Amino acid sequence: SNASVAVTAADVTLSAAQASCRYLTTTGILTGNRNVIVPNNWEGIVYCNNTGAFTTTFKTSGGAGIVVAQTKRAVLYADGTNVVRVTADA
């Protein structure tokens, strides 16, 4: 399943429906460095389709995160505390 999340002017916490999707696309023009907050037990393929001179970080609410470069995809996994990269950006 797929979900698309607009990330522009504020950090975004995934809804339960968004977090349950295997493939997640972020969209929008970034106005600053932004975080996409995922559940502690999350796993997914992300496509960072944002634009703008800033970064998109995928992280749990209390842990460290991973930046996925614009126009790139990566497999990410939340290990209970932090989000870790399973694959390099592709």
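Keep in mind the model is a prediction, meaning the values are calculated, not measured. If you read the sequence from its start, that first residue is 1, and numbering goes on from there.
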Checklist line | Asp89 (side chain) donor-acceptor with Ala69 (main chain) under 3.5 angstrom | finding: yes

The reported gap from CH2 in Trp42 to CG in Leu14 (rounded to nearest 0.5 angstrom) is 7.0 Å

- prompt: Between Arg85 and Leu76, does a side-chain contact (heavy atoms from CB on, under 4.5 Å) hold up when you go through it step by step?
  reply: CA-CA 5 Å; Arg85 184 182 300 276; Leu76 304 178; 4.3 Å; yes

Rounding to 0.5 Å, atoms OG1 (Thr56) and NZ (Lys72) come to a distance of 14.5 Å

Paired with Leu30, the side chain to side chain contact (heavy atoms under 4.5 Å, CB included) test is passed by just one of Asn50, Thr51, Thr55, namely Asn50

(message) Closer than 3.5 angstrom, by distance alone: can the side chain of Thr87 be matched with the main-chain N or O of Ala74 as a donor-acceptor pair?
(response) no

Worksheet entry | Hydrophobic cluster membership, Val84 vs Ile45, 4.5 Å side-chain cutoff | yes

- request: Determine, using the 4.5 Å side-chain heavy-atom cutoff (strictly less than), whether Tyr47 and Val38 are members of one ILVMFWY cluster.
  value: no

OG of Ser4 to OH of Tyr23, rounded to nearest 0.5 Å, is 10.0 Å

Before giving the answer on side-chain hydrogen bond (donor to acceptor under 3.5 Å, both in side chains), spell out for Thr25 and Asn49 the whole-Å C-alpha distance, their side-chain angles and the decisive distance to 0.1 Å. CA-CA 7 Å; Thr25 301; Asn49 197 30; over 6 Å; no

For Ser1 and Ser20 the tightest heavy-atom approach is OG-O, 4.0 Å

Nearest heavy-atom approach of Asp11 to Asn35 is OD1-N, 2.9 Å

Closest non-hydrogen contact found for Ala17 with Cys21 is O-SG, 3.4 Å

Honestly curious: do Val46 and Val12 fall in one hydrophobic cluster under the side-chain, below-4.5 Å linking rule?
yes

Looking only at heavy atoms, the pair that brings Ile37 and Thr60 closest together is CG2-C, 4.0 Å

When rounded to the nearest 0.5 Å, the distance separating CD of Gln70 from SG of Cys48 is 5.5 Å

(Q) When you measure from the side chain of Asn82 to the backbone of Ala64, do you find a donor-acceptor pair of N or O atoms at a distance under 3.5 Å? (A) yes

Is the closest side-chain heavy-atom distance between Leu24 and Val5 below 4.5 Å? yes

*Is there a donor-acceptor pair under 3.5 Å between the side chain of Arg34 and the backbone N or O of Ala9?*
yes

*Ignoring hydrogens and angles, tell me if any N or O in the side chain of Glu43 forms a donor-acceptor pair with the backbone of Val75 under 3.5 Å.*
no

